[in-house]
Amino acid sequence: MRKGRGLAVTAWVLGPLGLVMLIGSFMYARGAYTTAIVRSESMTPTYTVGERLVFERVDGAEVRRGDVVLYSSPERYGPGLSVIQRVVGVGGDRVVCCEGTGADERITVNGKPLDESYVQEGIADGMHRPYDVKVPEGRLFLLGDHRLNSRDSRAFSSDHGGTVPVGAVQGRVTDERAVPAALVVIMLLGVPVALAGLGFGIAAFVVRRRSRAVPPMPPWAVQV
């Protein structure tokens, strides 16, 4: 009986622990992060087609200039589609294209030229469509890094200057993989721990059943 009780205690410890590890880490990861695969060349050379990115879920009001975000805009790109672009202007900013020409061409934000070392071939615009946008509060002005091949805020100038509401943001790209990786490890470890708990539970059931099926020998029946 003591053996069966020990097995049962072990089962009650490992089983719930494994489930907490598995379900808890999954739910936390689902609420804190999301992933998306790059489907177009609009963010090259920073990100390439087929690359999977990890995004931390943040409120759109938290993003800053330079952040790469995942957002949805069904009226522009269709329902069910998410877009990856870089935040160039936030509420209150004045985004102007462009200052200078050729390799010296620069977008200015609040009168200051942007140093965009991430853009494809150093081209800051390339569309030859000047714009001067005052970003409304609660909205964002977004551009792809491949300015010659990106359907971004420039293509929707008639709709709030091409800006999108901060509420459209689903996440901000993060290069920090330690926390997501740790969550995956905990999730994977939760499976064998939960299964071990189940195994100990079955073993405890078997031991108890056998002990009940074979009654103990009375003292007077002991053979000398």
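Values reported hereafter were calculated over all heavy atoms of this structure, with side chains retained and with hydrogens, waters and symmetry mates removed.
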Cluster overlap [X] with [Y], hydrophobic side-chain contacts below 4.5 Å:
| X | Y | answer |
| --- | --- | --- |
| Val68 | Leu70 | yes |
| Leu14 | Ile186 | yes |
| Leu17 | Leu189 | yes |
| Val119 | Ile107 | no |

Please list every donor-acceptor pair under 3.5 Å in which a side-chain atom of residues 140-148 meets a protein atom from a residue at least two apart or in another chain.
unit_1 : atom_1 : unit_2 : atom_2 : d
Asp145 : OD1    : Arg86  : NE     : 2.9
Asp145 : OD2    : Thr46  : OG1    : 2.5
Asp145 : OD2    : Arg86  : NH2    : 2.8
Arg147 : NE     : Gly144 : O      : 2.5
Arg147 : NH1    : Glu116 : OE1    : 3.1
Arg147 : NH1    : Glu116 : OE2    : 3.4
Arg147 : NH1    : Ala124 : O      : 2.7
Arg147 : NH2    : Glu116 : OE2    : 2.8

Self-check item: Short N-O contact, Arg106 and Glu99, less than 4.0 angstrom
Solution: no
Quiz item: What's the verdict on side chain to side chain contact (heavy atoms under 4.5 Å, CB included) for Val63 and Val58, showing C-alpha distance, side-chain angles and the deciding distance?
Solution: CA-CA 8 Å; Val63 302; Val58 295; 4.0 Å; yes
Atom [atom1] in [X], atom [atom2] in [Y]: separation rounded to 0.5 Å?
| X | Y | atom1 | atom2 | value |
| --- | --- | --- | --- | --- |
| Thr163 | Lys134 | OG1 | NZ | 12.5 Å |
| Glu41 | Ser150 | CD | OG | 11.5 Å |
| Asn149 | Met127 | CG | CE | 9.5 Å |
| Leu198 | Leu19 | CG | CG | 9.5 Å |
| Cys98 | Asp125 | SG | CG | 4.5 Å |
| Arg64 | Arg172 | CZ | CZ | 8.0 Å |

Quiz item: Are side-chain heavy atoms of Ile84 and Val38 found at a separation under 4.5 Å?
Solution: yes
Quiz prompt | Check: Gln170/Ser82 side-chain N/O donor and acceptor closer than 3.5 Å | solution = yes
Which donor-acceptor pairs under 3.5 Å do the side chains of residues 88-95 make with protein atoms, sequence neighbours left out?
unit_1 : atom_1 : unit_2 : atom_2 : d
Asp93  : OD1    : Arg65  : NH2    : 2.9
Asp93  : OD1    : Asn110 : ND2    : 3.0
Asp93  : OD2    : Arg65  : NE     : 2.7
Asp93  : OD2    : Arg65  : NH2    : 3.4
Asp93  : OD2    : Val90  : N      : 2.9
Arg94  : NE     : Asp132 : OD1    : 2.9
Arg94  : NE     : Asp132 : OD2    : 3.3
Arg94  : NH2    : Asp132 : OD2    : 2.4

Self-check item: For Tyr118, all residues meeting ring pair (Phe, Tyr, Trp, His ring centres under 6.0 Å), sequence neighbours excluded
Solution: none
Quiz prompt | Stepwise side chain to side chain contact (heavy atoms under 4.5 Å, CB included) test for Thr34 and Arg57 | solution = CA-CA 7 Å; Thr34 187; Arg57 295 188 185 275; 3.5 Å; yes
Using a 3.5 Å distance criterion without hydrogens, assess whether the side chain of [X] forms a donor-acceptor pair with backbone atoms of [Y].
| X | Y | result |
| --- | --- | --- |
| Asp67 | Val69 | no |
| Ser153 | Gly162 | yes |
| Ser157 | Arg154 | no |

Practice problem: Could you tell me which residues satisfy salt bridge (charged side-chain N to carboxylate O under 4.0 Å, His left out) with Glu121, sequence neighbours excluded, listed by chain and number? | Solution: none
Self-check item: Partners meeting salt bridge (charged side-chain N to carboxylate O under 4.0 Å, His left out) with Asp159 (sequence neighbours left out)
Solution: Arg76
Quiz prompt | All pairs passing ring-ring contact (aromatic ring centres under 6.0 Å, His included) where residues 44-84 contributes a residue, at least two apart | solution = Tyr77-Phe156
Exercise. Would you name the heavy atoms of Ser42 and Ser40 that are closest together and state the gap between them?
Key: OG-OG, 3.1 Å
Quiz item: Where do Thr35 and Leu53 land on the side chain to side chain contact (heavy atoms under 4.5 Å, CB included) test, with the steps shown first?
Solution: CA-CA 6 Å; Thr35 63; Leu53 305 180; over 6 Å; no
